[in-house]
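Chain naming here is simple, since letters A, B, ... match the order of the sequence lines and numbering starts at 1 in each. What you see below is based on every heavy atom in this structure, not just the backbone, and it leaves out hydrogens, waters and symmetry mates.
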Protein chains: 2
Amino acid sequence: MKRKVTLKQIAKELDVSISTVSKALRNSKEIGEDTREKVQAFAKLYNYKPNNIALSLKNKKTKTIGIIIPEIVHHFFSMVIRGIEVVANQRGYNVIVGLSNESFDKEVINMEMLANGSIDGFILSISKETQLKQDFHHFHETINQGMPIVMFDRVVNDVKCDKVIVDDFKGSKKAVSKLLENGCKNVGLITTMDYVSVGKLRTQGYLESLEDRGIQPKSELILKVVEELDSEDHLEDLEAEVEQLFINNPEIDGVFAVNELYALTAMKVAKKMGKSIPEELQVIGFTDGVLSKHATPSLSTIKQHAEEMGAKSAELLIDRLELEKEDDRYETVVLETELILRESTK
Amino acid sequence: MKRKVTLKQIAKELDVSISTVSKALRNSKEIGEDTREKVQAFAKLYNYKPNNIALSLKNKKTKTIGIIIPEIVHHFFSMVIRGIEVVANQRGYNVIVGLSNESFDKEVINMEMLANGSIDGFILSISKETQLKQDFHHFHETINQGMPIVMFDRVVNDVKCDKVIVDDFKGSKKAVSKLLENGCKNVGLITTMDYVSVGKLRTQGYLESLEDRGIQPKSELILKVVEELDSEDHLEDLEAEVEQLFINNPEIDGVFAVNELYALTAMKVAKKMGKSIPEELQVIGFTDGVLSKHATPSLSTIKQHAEEMGAKSAELLIDRLELEKEDDRYETVVLETELILRESTK
DNA sequence: AAATATCACTCAAACGTTTTCGTGTTGAAA
DNA sequence: TTTCAACACGAAAACGTTTGAGTGATATTT
């Protein structure tokens, strides 16, 4: 086993100084041609590669981005990571991933672990628990120490950083408008509790879309699913809630759901109850994941351009890192959504 | 903005030496009580945290694991990452993720980027292109430099490292046997080309299961999908191939597919052709992802315990790192599969 | 012949830690 | 009074790298 070779070893072997080796490898013209060639040949032979950690320490930059997300087993988030990774790699950066698992404490711990020199900046989407607690001190502290953050999707307004979000409001307006255009008279909404920022915005889009057409929103058509139910393990409870919605409101002929799972569940329950899709019930979801595409019938949905979101986040962060702009002019990029029409709508 | 404080700054501020500060913070009894308290109070006030990079350089360990996977937008791989992350974090490690995107070159580049000091060891699953090329020099070199590797799922036999795999062979035997037990007389197989190691094993399991019952496998019942088709963008081609299979072999009453997408496509095509599931056609897939669970009808499948696979990989790697066992006794852990019965089988 | 430029290198500091080995000051034992 | 621990702390090396400043030796200019 030949361990990694260092400058020191090469220097000793060739009987020159460390600095000569370093300079020779960087083709400095301070070094004579013969020495330079000798060193380079030796280095190549022993497959010398500079030690990243030493470079990081010296340069005070690690060329590494920390990503903190609530969950990785999730089409949306993994798409975002992919977007980040592509841009990061292109620009010579690595990505290190931490999962908050929707927990405030894990979010804080993960950030502390990484903020001590391991990375140059964060790209993150905040956990549900953090949104609920409204405790953002860890973001403020990180930024205060000179480490930039880019937030995506689930952001918080009063943190001074770049943000990349999707136009949730307009996106859901698009969806609901489409349902109304398609002749739906009673559009139901399946959404989350209001503290989830994106859920709230999507709910607002639904409401405004109705109001735009002079339709009075009816609260009985709105189902706000409590937190525990959207975990994969409580599908039956979710189904029961949705079924109740349909039973109580048989006039429902359209459903807008704020995520794939809710939309799919709505379709499943409807089919079970004998409602045909899209003839008797039209459904539109949010987030264009694998489920929407492969459902039967396939699900019309609002596509969020997750990969683009990751790519944009990475660009914002790296730009800030490399320009070292210390200005307080933070950017919020809003990505437009796209309505993908499939079989669940007429 | 208060930048991160260092030992040196604390030392200067309190007019003691750097070593005194370091020792005081680590509660060395070399340091007098009053000085110790003073230093600790100051450190707490300024939220001192040791710089990870400096520690890594000194200790020659980064407490970071490098993960290289072919694709992150994939339920199986993201589950594995989750498994790794949980164990890694518990044991004080971070994870840094590189994506090969099924490309040999990206796999090599990613490994080189990380092997220069950034990480202590790798957990990886090799790309399809690498499997095709059979070029494993980068693994050998990495191991030769004293950096341990753990391979999972897609492994290669002649690399000296720990491995965690699923019993693909037995798993597919289980699936096919179940179909036969359920009365299927003509079980079709939808699989990948043979160079994909897991695809090959699953194909073998299919064959042996038939032979065990004295059934002569018919090659016309086996569809080997060419590489390009299983990307999400060529769904129609895949569907056409599957349809042809069904048209040419109308006697098919059972299908075993080596992944979710193939199984789902089989169901979709079958439904389109008017075959009822599971009455006329029973289907079993491989990999228990979201698609299987939420398909209609829901898909019976072979569950791989992906998260456990990640967890086990992390344990193997960290054990090796911490025990610094240099022995050549490498372990191959085989995880058993589980047959999950849902609506696509009788 | 003296001054100076050029070359080809080496030294040493710096990044932030930890840790071994001093070292000067006490107080107590001899 | 001398000797010697015990105490409380500092100096310096080490991890691997880059880089500005310094240094002899030649070669060139005046």
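- L7(B) places its CG atom 15 Å from the C1' atom of dC9(D), with the value rounded to the nearest Å.
- Remark: C1' of dT17(C) and CG of N116(A) are 13 Å apart, rounded to the nearest angstrom.
- The strand DNA chain D forms stems, runs of 3 or more Watson-Crick or G-U wobble pairs with distances below 3.5 Å, at C:1-30 with D:1-30.
- Distances shorter than 4.0 Å separate some side-chain N or O of T35(A) from OP1 or OP2 on dC9(C).
- Distance K63(B) NZ to dT17(C) C1': 16 Å, rounded to the nearest Å.
- Using bins of under 30°, 30° to 60° and over 60° for the plane-to-plane angle, the ring pair H138(B)/F104(B) lands in the perpendicular bin.
- The shortest distance between the side-chain N/O atoms of K60(A) and the OP1/OP2 oxygens of dG16(C) is below 4.0 Å.
- In this structure, N59(A) atom CG and dC15(D) atom P are separated by 20 Å, rounded to whole Å.
- The base of dC11(C) is paired with the side chain of S19(A) by a donor and an acceptor separated by under 3.5 Å.
- Between H74(B) and F76(B), the angle of the ring planes goes over 60°, which puts this pair in the perpendicular group of the 30/60° scheme.
- One interatomic measurement links the two molecules: CG of L57(B) to P of dG16(C), which rounds to 12 Å at whole-angstrom precision.
- The environment of D15(B) atom CG is sparse: at most 12 non-hydrogen atoms of other residues, nucleotides or ligands sit within 6.0 angstrom.
- At a threshold of 4.0 angstrom between heavy atoms, the contacts of K29(A) with the nucleic acid are absent.
- Contact annotation: R26(B) does not reach the phosphate of dT17(C) (side-chain N/O to OP1 or OP2, under 4.0 Å).
- A close approach under 4.0 Å does occur between a side-chain nitrogen or oxygen of K8(B) and OP1 or OP2 of dC15(C).
- The distance from atom CG of L14(A) to atom P of dC9(C) is 12 Å, rounded to the nearest whole Å.
- Phosphate contact (OP1/OP2 of dT18(C), side-chain N/O of S22(B), threshold under 4.0 Å): present.
- Atom NZ in K23(A) sits roughly 10 Å away from atom C1' in dA8(C) (whole-Å rounding).
- In this structure, K4(A) places its NZ atom 14 Å from C1' of dT17(D), rounding to the nearest Å.
- The existence of a salt bridge linking E102(A) and R154(A) is confirmed by a sub-4.0 Å separation between a basic side-chain nitrogen and an acidic carboxylate oxygen.
- Distance alone, capped at 3.5 Å, is enough to place a donor-acceptor pair between the N110(A) side chain and the L99(A) backbone.
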